[in-house]
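To start, the structure under review is shown below, and the notes come after it.
Reminder, nothing fancy here: chain letters follow the sequence lines and each chain counts from 1.
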Amino acid sequence: MSENFRSIETKFLDKTNRISFKYNGKKYYGYKGDTLASALLSNGVHLIGRSFKYHRPRGIMTCGSEEPNAIVQIGGNGSFTEPNVRATEQEIYEGLEASSQNCWPSVEFDIGGINNFISPVIPSGFYYKTFMWPKKFWYSLYEPAIRMSAGLGKSPTQPDPELYDHNHLHCDVLVVGGGISGIIAASISADNGNNTVLIDDKNSLGGSSIYQNNENFKIDDEISSIWLDKKIKELKNKKNLTIKRRTSLAAFHSYNYLLARENLADHKSLDKRLNKLRQRLWKIRAKKVILATGAIERPLIFNNNDRPGVMLANSVKKYIDYYGVRCGDKNIIFTNNDSAYETAISLNKKGINVSIVDIRNNSSSILVKNAKDAGIKIYWNNTVVNTKGYRKIKSIQIMEMSKDGTNVVGKKTNLPCDNLSISGGWTPMVHLFTQSGGKLKFRDSDQIFLPNTEMSDQISVGSCNGDFELDDVIKNTVSECKNFISTSVTDYDSLKVSCPKQKENKNIWLLPNDKPLGKTKPFLDFQNDSTAKDIKLAMREGFKSIEHVKRYTTTGMGTDQGKLANMHALGIISETAGVKMGSLGTTTFRPPYTPLTFGTIVGRNVGTFFDITRKTPIHEWHKNHKAEFENVGQWKRAWYYPKDGESMHQAVQRESKAARESAGILDASTLGKIDIKGTDASEFLNRVYTNAWSKLGIGKCRYGLMLNEDGMVYDDGVTTRLDENHYVMTTTTGGAANVLSKLEDYLQTEWPELDVWLTSVTDHYATASVCGPNSKNILKKLFPILEFNDGNFPHMSFKNTELDGINCRIMRISFTGEHSYEINIESKYGKSLWEKCMDAGKEFNITPYGTETMHLLRAEKGFIIVGQDTDGTMTPIDLQMDWIVSKKKYDFIGKRSLYRSDTMREDRKQLVGLLTDNPNEILEEGAQIVQDEKKQPIEMLGHVTSSYFSPNLNRSIALAVVKNGKNLKGQKLLVPMKDKTINVTVSDFIFFDSKNERLNA
Amino acid sequence: MKNKYSIISLLKNSLSYHENWQQAWRDPEPKKEYDAVIIGGGGHGLATAFYLAKKHNMKNIAVVEKGWIGGGNTGRNTTIIRSNYLWDASAGLYDHALKLWESLSQEINYNVMFSQRGVMNLAHNLQDVRDLKRRTHANRLNGIDAEWLSTEEVKKFCPIINTSPNIRYPVLGGTLQRRAGTARHDAVAWGYARGADAMGVDVIQNCEVKGIKRKGDAVEGIETTKGFIKTKKIGVVAAGHSSVIANMAGIRLPLESKPLQALVSEPVKPIINTVVMSNAVHAYVSQSDKGELVIGAGTDAYVSYTQRGSHDVVEGTLKAILELYPIFSRMKMLRQWGGIVDICPDASPIISKTSIKGLYFNCGWGTGGFKATPGSGDLFAHTIANDEPHSLNAAFNINRFVSGDLVDEHGAAAVAH
Amino acid sequence: MLNINFPKIEKKDYPNLELNLVEPIHKLNLRGKNRDFFTKAGRILSIMLPTEPNTSATIKSISALWLSPDEWMIYGKDIDKNLMLSLDSEISKLNLGSVTDVSDQWVLINMRGKNVFEVLSKGSPFDFNKFKDTKNVTVQTLLNHVDVILHQNDTNNLDLFVRKSFSEHLWLWINDSSRSL
Amino acid sequence: MFIITCPFCGERDQSEFSAGGEAHIIRPKQPTELSDDEWADFLFMRKNIKGVQFERWNHAHGCRKWFNVIRDTSNDKIHAVYKMGEKPPSD
């Protein structure tokens, strides 16, 4: 296809770089620098998609991020596919594939178009009023039908082939927007020694001023665009200034924290993008922010204002002046203000047919005079009452307006056209300002919201601050910036600016029509198909708040987030309700400013980097020995070590037997370890644990239970007294960080008088736990100088020693019930220590075991695991651990809570053992326990917390918490499963070696 | 009821260009006195008023709302409805609500689009498995539908989940409640308001409560921006602002109000036909009738009434979404927002009398109040009308924080709502 | 003899960035607040413990990093067992404060080159603008959600401390980020 | 994401800190003397102020010190920070 609508050459496109792309399967050409929209327009393609609800044909309306209609699926069907891309922002690249959305079988012939014909029956909110009868049809018919119509584009179905990056950026001044006011602001800021960053979402700077070629706009006697072009060139050499193009601000949070998306690859062809960075999210902290985000043109609201070919006037100007593309051969401009005359003059100069319909009576500005002089036909005091043309506008009907502007009079005039450029004035882009917490004020003269009070150090300059005339923009931007960054002189102080003063516009939110509103379709939200009559319907039904109207009619909830629709919705609401617009407020502008890719928000934190992986110093050994790993918090722990095809069950049975029969070894390095020093260390432990510590001998170990202030078990572990004022505490793996921070909290805030120092040494030590009847023999081999008799080295004691000259701490403590030692060594020797243990234990068949076997072994002994056998609702008394709760101590964390009416109840859930009547039946952890299955409602007494098949007892065992359990020993209870009921008997929770004989074996 | 909504009424009204629809609710000025006043025009407050009028014949009542009805957490949540709670008290409460949801559209003649597409909770570590199985067993015995799914069954039920064993926290299984699902959040507030209004309840918007007037240990009325309103019974359903009202009445509550965020993607054609929640890999997602992915983020840890949370929370949530659904990487976030949720130490609500006669609180719903809306309203209405709790909300009294008899829903089987 | 094993961290070169493992090296955690503690520590180490936040003091090859008003990290090639013993006996044992050997608690990675801060900025919210032009400064912050201590020895030359169990993960991240410099 | 000025380390990003709830709730020195009501007050009851609130923050990923912050919960503006044990600035 040739580009029949490319009228002129411009410097903004690279004419030497012709690019082919596909749209709906058809090949087209454009140039480097074209957006998909400009390239399609140059080929005469206007019809882009179908609207959400009525499936009406829609075309390109704008040239920027406010585009409601021209959204397409990009990147074909493969992994690069992306839904809902605005054709007005997507730059074309060689091989780009784009297709229309929300239409079937094609955008030209769309079955969904039938909705347009039933539209009288489906006004806003119709679905709340129907589909209720008969009830069962909701599930079988109505809901699936509603679901089917959901959505615009299609979700990708393959993983993303591109990468994303994050970067933090700290600067003195961030300037958002590279139009003329942003350029001036950035330049002043950088010139005054501020580390300044200027970002702009386009691929080139200059905003709409850079293609301004009307000789009425001059700065220092040059056409404004030529002057601006020079300034942009100067910027590039400025110190302190960083310019980021293709970077759009997504969110402006409080404390001047801003998020900006830098586009690195979306304009490049796909073959250059695989596994490369696509976008970067800049997390910006700016001391000061200058918003120069500009304004967008308002549409006009009249009957059938949504046809392909109806465009915003300033966009039509950009297409001709920037891209060299004319949007029609027979253009009509429909306006309520002077700015659209620039478009008319620009088209006229290129010999393109254009006429104007103006709802005003007259205007005496230079622009209007120029238009008249150029012979452009102007229909004053007229409004468009209808448009015709299904897939592309063909003609419009205009009528004269009554004096007060509320009605139309006289006869209709038919005007043929292939483009209708509409202009309803300008709306400052205050979205980012309000995102940051800023409050707006309303300016009646031109019916706009403006920044009023801000929450952080920032200013808004240029048209986003309500300055629309070039001289005002420059003058006010300069003076605001001087004030903002405290400087008195700038390069821009004595600029000579001339521009045509534009006259006030005539704002009518909903233009009058000869037909009753009910018979017309004046669209406000083009994407979601909400019309002025929907707004009025909502208000009639009592939805008066703007948020109600928005939600009821879905106005402003499309992918453009109502950038075009919201002001008119507000205007019509205030008119209908008869209240002042300024008093209504606005709906909340929520981040992001334009939709932001999930991948960009996540950055490189995917896959491996989804979460931290913590490894022990012995991890490599486990891996090399085919261990399966269990995630425990962020740790990877060896779970079990299957040997040649063993199942988990088989491996665990083998490991457990070995540990009890001869020797086992466990990597216990993940346990939290806190070094505690200070003259008040014992007193500190007295306060944080339930039991007493002062009398613990040096070199002795003791198990401690830590509660929350609410009396519930929080953590447990063995603490060793290394010296008079020196302890080392161990915590659970998962609890380590929280315990340390909790203890620091108490020390710093509640007990600052205590002389206690805490230092984490979790990572400093590797810990190998050797257990089993032969553990002593193995340690004897490793530490020949150490006396291992019970007199010198009894259970619950500690020795400081050396292995090959390296210091080791050995605790004789046991979590398995076996004679057992925990050897701690500097972690760089951890793997080597482990290997030495394996060597020394070879003759005893030392067997490495993982967490599963550890859990089994401790369950045989009735030792709890905090978090598995407790759930934040268990007191130590509930665990039948009364022995560890000191009655003598005046206070400890959580003590008071144990004496509340509920925590003192005798029939709370208590830890018990459960034995199945069938010894081979293993209860499911989590299974519920009842006494009477028949009684309704069924009373659940508790649940199974831990359950295993014990190879050492040759039967299944389980721990459970059961209501009044401590009084139920010997009682038969039931465990009802989905398909059967299991008979169990309450037992003691110590199943194995209840006299602890093995500890000293 | 005033003009009944149906396809017939839609057709009839289309003939007059929909210009003859009645107001869904009036816009009344407050009367001098009511038999009861509900503070807070969210779903829970409006439902309370609806059931007070419908079941307890209390029609001279008002709902006062600071802003616009349904503008708080009702209109800001991710609309998940389920009843698969662990403890008996919670299961009773939430399943009562779920049963009401099942015929709510018909009851209030307003289509709340309750969609029972199922809610799946995923397990990612062994303790998750234990906790979720424990909950499944408890649910089954409590008569609540719940199934345990293996990893393969999870994949079958929702094929787009990444169930590879090689991800950081592989899916080890999950639970499914098929009766659970989602509803259209705004419709719930609007439907109850319309229903209550039809029975004579005054729904008064833009009416901020400025004070609670007490005489001794009983309430006398409320000071509002629209003047003093006399009443002997005040039901406070003010969600994030509960403590503000409590402070006016001179009582303290065990609440903290924190920002909770949520977000939606751009709309796409149907891609996920259920609700999937994951606690360990903190993410939950469903797809709305418009096609947006509706994604719940977490709460921040600090008190804030700003309705905005920190970006880290959103980033963390999307990170989890991409871990479980790598295909969503190129999807785009359209809109994010925050609400203020009032959280109790045990993650269970308070539906209770207070030490002040005639003052009732319904609060502490934290991140999960939407699902309970009909049940909460019904039981709170019962409590207000009878000055005694219903057996289903007896456990959710304020005194539990003194006795220690908490309903600890995060201690046990912590599940994001 | 026992073998030494460190996390899998090897020397790596990227454009204007060189990464090196600096191990083994002794590291000590000092905590205390009274005057005797400062005097003793200063005398034994021949360094006045810095009291200004986020600064460090280096004499010969021993550096003392401020971690908090009552906590310091001491590290360097010249630290030996004897020095550690005398600190322990004259501070810990006399209850003036605490001295804890944390040599293996932390892994030390040296980063040098112009792109050091480019990489750090990808994962740290800290404002390095002033930091990067200052010598003998230190900061504890987050890098890709991992706690780190950074100590700038010289321009574009800094030591990064990370807890050992996190070190391989962070190392992978640093390399992943460095590849896209 | 706030910027919080740690009284020791200076201005840092919020992500380095963890929030610790309402400040100046002193743990009773003699809990056993308290009634259940009084103890519940300490354990659970919070002012949860909308407006200027005194609260605790911990520079968890920095110097690990706890300190107090005066913050307006209605707009998240931080008015002052001060160390544990210090009196709040009078203004």
Side-chain angles (χ1 to χ4, degrees), chain A residues 168 170 251-259 283-287 436-439 453-457 687 707-712 737-738 740-753 757-760 887-904, chain D residues 1-5 7-8 11-45 54-68 71-78 82-86:
Chain A
H168 293 80
H170 300 259
F252 189 168
H253 295 295
S254 57
Y255 288 80
N256 278 356
Y257 183 64
L258 304 98
L259 302 172
K283 299 178 172 184
I284 305 172
R285 282 281 188 196
K287 294 200 178 76
S436 74
K439 296 276 179 285
T453 51
E454 61 281 327
M455 279 293 291
S456 64
D457 204 359
R687 295 187 192 185
L707 311 185
N708 262 326
E709 286 290 14
D710 67 359
M712 304 303 156
N738 291 337
L740 178 62
S741 103
K742 183 184 164 107
L743 298 183
E744 272 289 346
D745 186 358
Y746 275 92
L747 273 179
Q748 289 179 33
T749 62
E750 302 293 348
W751 309 321
E753 73 281 3
W757 301 107
L758 306 177
T759 306
S760 168
K887 304 277 181 306
K888 287 187 202 142
K889 283 200 295 181
Y890 184 72
D891 190 17
F892 55 81
I893 296 173
K895 177 172 182 175
R896 177 63 185 81
S897 288
L898 299 176
Y899 298 91
R900 295 176 296 170
S901 61
D902 192 71
T903 37
M904 286 199 298
Chain D
M1 305 296 294
F2 316 154
I3 291 176
I4 300 174
T5 306
F8 304 98
E11 286 188 3
R12 296 294 181 88
D13 188 272
Q14 184 191 332
S15 55
E16 290 186 11
F17 298 84
S18 62
E22 191 178 324
H24 305 301
I25 300 176
I26 297 161
R27 187 174 188 276
K29 291 277 177 241
Q30 299 175 317
T32 44
E33 320 265 295
L34 300 185
S35 69
D36 281 4
D37 274 303
E38 288 166 329
W39 181 246
D41 229 43
F42 162 73
L43 269 187
F44 296 127
M45 301 301 163
F54 294 71
E55 56 192 19
R56 290 155 18 100
W57 285 77
N58 180 226
H59 193 187
H61 303 286
C63 66
R64 298 189 291 128
K65 289 294 174 205
W66 284 89
F67 57 95
N68 298 304
R71 184 173 58 94
D72 188 335
T73 62
S74 68
N75 59 22
D76 287 341
K77 282 237 170 192
I78 292 173
Y82 55 101
K83 294 173 189 170
M84 280 296 156
E86 286 182 354

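The pair Arg64(D)-Asp745(A) does not meet the salt-bridge criterion, since no charged nitrogen lies less than 4.0 angstrom from a carboxylate oxygen. With salt bridges taken as basic N to acidic carboxylate O contacts below 4.0 Å, one links Arg27(D) and Asp891(A).
Closest heavy-atom contact between Met84(D) and Gln748(A): CB-O, 4.2 Å. The two residues Trp66(D) and Ser741(A) make their nearest non-hydrogen contact at NE1-O, 4.2 Å. Counting all heavy atoms, side chain and backbone alike, Asp76(D) lies closest to Tyr255(A) at O-OH, 2.6 Å. Between Lys77(D) and Met455(A), the closest heavy-atom pair is NZ-O, 2.8 Å.
With a threshold of 4.5 angstrom between heavy atoms, Glu11(D) does not approach chain A through any atom at all. Residue Leu43(D) touches chain A through its side chain alone, counting heavy-atom pairs closer than 4.5 Å. Using a 4.5 Å cut-off between heavy atoms, Ile25(D) contacts chain A through its backbone alone, with no side-chain atom that close. Contacts of Leu258(A) with chain D are absent, with no heavy-atom separation under 4.5 Å from either backbone or side chain. For Tyr890(A), the parts lying near chain D are the backbone and the side chain together; criterion is any non-hydrogen pair under 4.5 Å.
Other residues, nucleotides and ligands place more than 12 heavy atoms under 6.0 Å from the CD atom of Glu86(D).
For chain A, the option among Lys65(D), Lys29(D), Gln14(D) with the highest count of heavy-atom pairs below 4.5 Å is Lys65(D). Interface check for chain D: of the options Asn708(A), Asn256(A), Thr749(A), the most heavy-atom pairs under 4.5 Å are formed by Thr749(A). Contacts with chain D were tallied for Lys283(A), Arg285(A), His253(A), Glu744(A); Arg285(A) has the most, counting heavy-atom pairs under 4.5 Å.
In this structure, the side chain of Tyr257(A) does not engage the main chain of Asp13(D) through any donor-acceptor pair within 3.5 Å. A distance-only check finds no donor-acceptor pair linking the side chain of Arg896(A) to the backbone of Trp39(D) [under 3.5 Å].
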